[in-house]
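Note that the structure is predicted; figures quoted are calculated from it, not measured. All residue numbers refer to positions in the sequence shown, counting from 1.
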Amino acid sequence: QVQLVESGGGLVQAGGSLRLSCAASGRTFSNYGMGWFRQTPGKEREFVATISWSGGSTYYADSVKGRFTIARDNAKNTVYLQMSSLKPEDTAVYYCAADRSGYGLRAPITYDYWGQGTQVTVSS
């Protein structure tokens with residue numbers, strides 16, 4: 001069992017930056033692939049970025065590539081999402097998730113555990 005708690009969301013102006021953190025409980029965090037997803041009202045949850053268990057593989061949605069960076073610190077049981085050059089269309093609730101396979105795949109259905117989410121609002 002893994003519990004995930006996101007933090008770092010908030011209100012920021014367009015062009016600004018935020019860093020989201022996701023703290024995980026459990027001793028097997030380093031075995032999990034981790035992902036960040038986001039969701040806006042009336043829309044499906046969408047893939048933002050993922051990272052494999054070792055950190056050796058990362059994937060980004062085209063809409064955030066070059067602006068967002070995912071990273072993990074297995075010693076701290078934490079995964080991060082550094083967001084820069086934020087746009088109003090990045091406004092959403094951001095969720096982190098853990099994938100037992102370790103791969104960090106893109107489809108939300110492949111993830112086993114989810115955090116409660118943190119709101120990111122980008123004003124124009």
Q. Where does the angle between the aromatic ring planes of Y95 and W114 fall among parallel (under 30°), tilted (30 to 60°) and perpendicular (over 60°)?
A. perpendicular

**Q.** Pairwise side-chain contact, Y111 with T50, heavy-atom cut-off 4.5 Å (strictly under)
**A.** yes

Q | From CG (N31) to OG (S101), nearest 0.5 Å | A | 11.0 Å

Q) Are F37 and V79 in one and the same hydrophobic cluster, where Ile, Leu, Val, Met, Phe, Trp and Tyr link if side-chain heavy atoms are under 4.5 Å apart? A) no

Q: To the nearest 0.5 Å, tell me how far S7 OG sits from R19 CZ.
A: 9.0 Å

Q.
Between E6 and G117 (side chain of the first, backbone of the second, donor and acceptor by atom type, cut-off under 3.5 Å), is there such a pair?
A. yes

Q. Would you say the side chain of T91 lies within less than 4.5 Å of the side chain of E89, judging by non-hydrogen atoms?
A. no

Q.
Within the structure provided, determine whether W36 and F68 are in side-chain contact (heavy-atom separation under 4.5 Å).
A. no

Q) With a 4.5 Å heavy-atom cut-off, do Y103 and W53 have their side chains touching? A) no

Q: Sort out for me which residue in T121, V64, L18 forms a side-chain contact (heavy atoms from CB on, under 4.5 Å) with L86.
A: L18

Q) Of the non-hydrogen atoms in R72 and G33, which two are nearest, and what is the gap between them? A) NH1-CA, 4.1 Å

Q | Nearest heavy-atom neighbours spanning N74 and F29 | A | OD1-CE2, 3.2 Å

Q) How close do A92 and R38 get, heavy atom to heavy atom, and via which atoms? A) CB-CB, 3.7 Å

**Q.** D90 with K87: basic N within carboxylate O range, under 4.0 Å
**A.** no

**Q.** Heavy-atom donor-acceptor pair, D99 side chain to M34 backbone, under 3.5 Å
**A.** no

**Q.** From L4 atom CG to D112 atom CG, the distance as rounded to the nearest 0.5 Å
**A.** 10.5 Å

Q. With side chains defined as the heavy atoms from C-beta onward, is the minimum distance between I70 and Y60 less than 4.5 Å?
A. yes

**Q.** Short side-chain to backbone donor-acceptor contact, T118 and G9, under 3.5 Å
**A.** yes

Q: State the OG-CD1 distance between S57 and I51, to the nearest 0.5 angstrom.
A: 9.0 Å

(Q) Tell me if a side-chain donor or acceptor on R67 pairs with a main-chain N or O of S85 at a distance below 3.5 Å. (A) yes

Q | Nearest heavy-atom neighbours spanning Y80 and D73 | A | CE1-CB, 4.1 Å

Q. With distance as the sole test, does S25 use its side chain to make a donor-acceptor pair with the main-chain N or O of Q3 at under 3.5 Å?
A. yes

Q | Where M83 and Y94 come nearest, the two heavy atoms and their spacing | A | SD-CE2, 3.9 Å

Q | Side chains of K65 and S63 in contact at under 4.5 Å (non-hydrogen atoms) | A | no

Q) How about F47 and Y59: are their ring centroids closer than 6.0 Å? A) no

Q | Side-chain heavy-atom pair Y32, V2 within 4.5 angstrom cut-off | A | yes

Q. Does some side-chain heavy atom of L81 sit less than 4.5 Å from a side-chain heavy atom of V48?
A. yes

Q.
Is it the case that atom CZ in R100 sees more than 12 heavy atoms from other parts of the structure closer than 6.0 Å?
A. no

**Q.** Exercise: identify the closest heavy-atom pair between P88 and A14
**A.** CD-CB, 4.1 Å

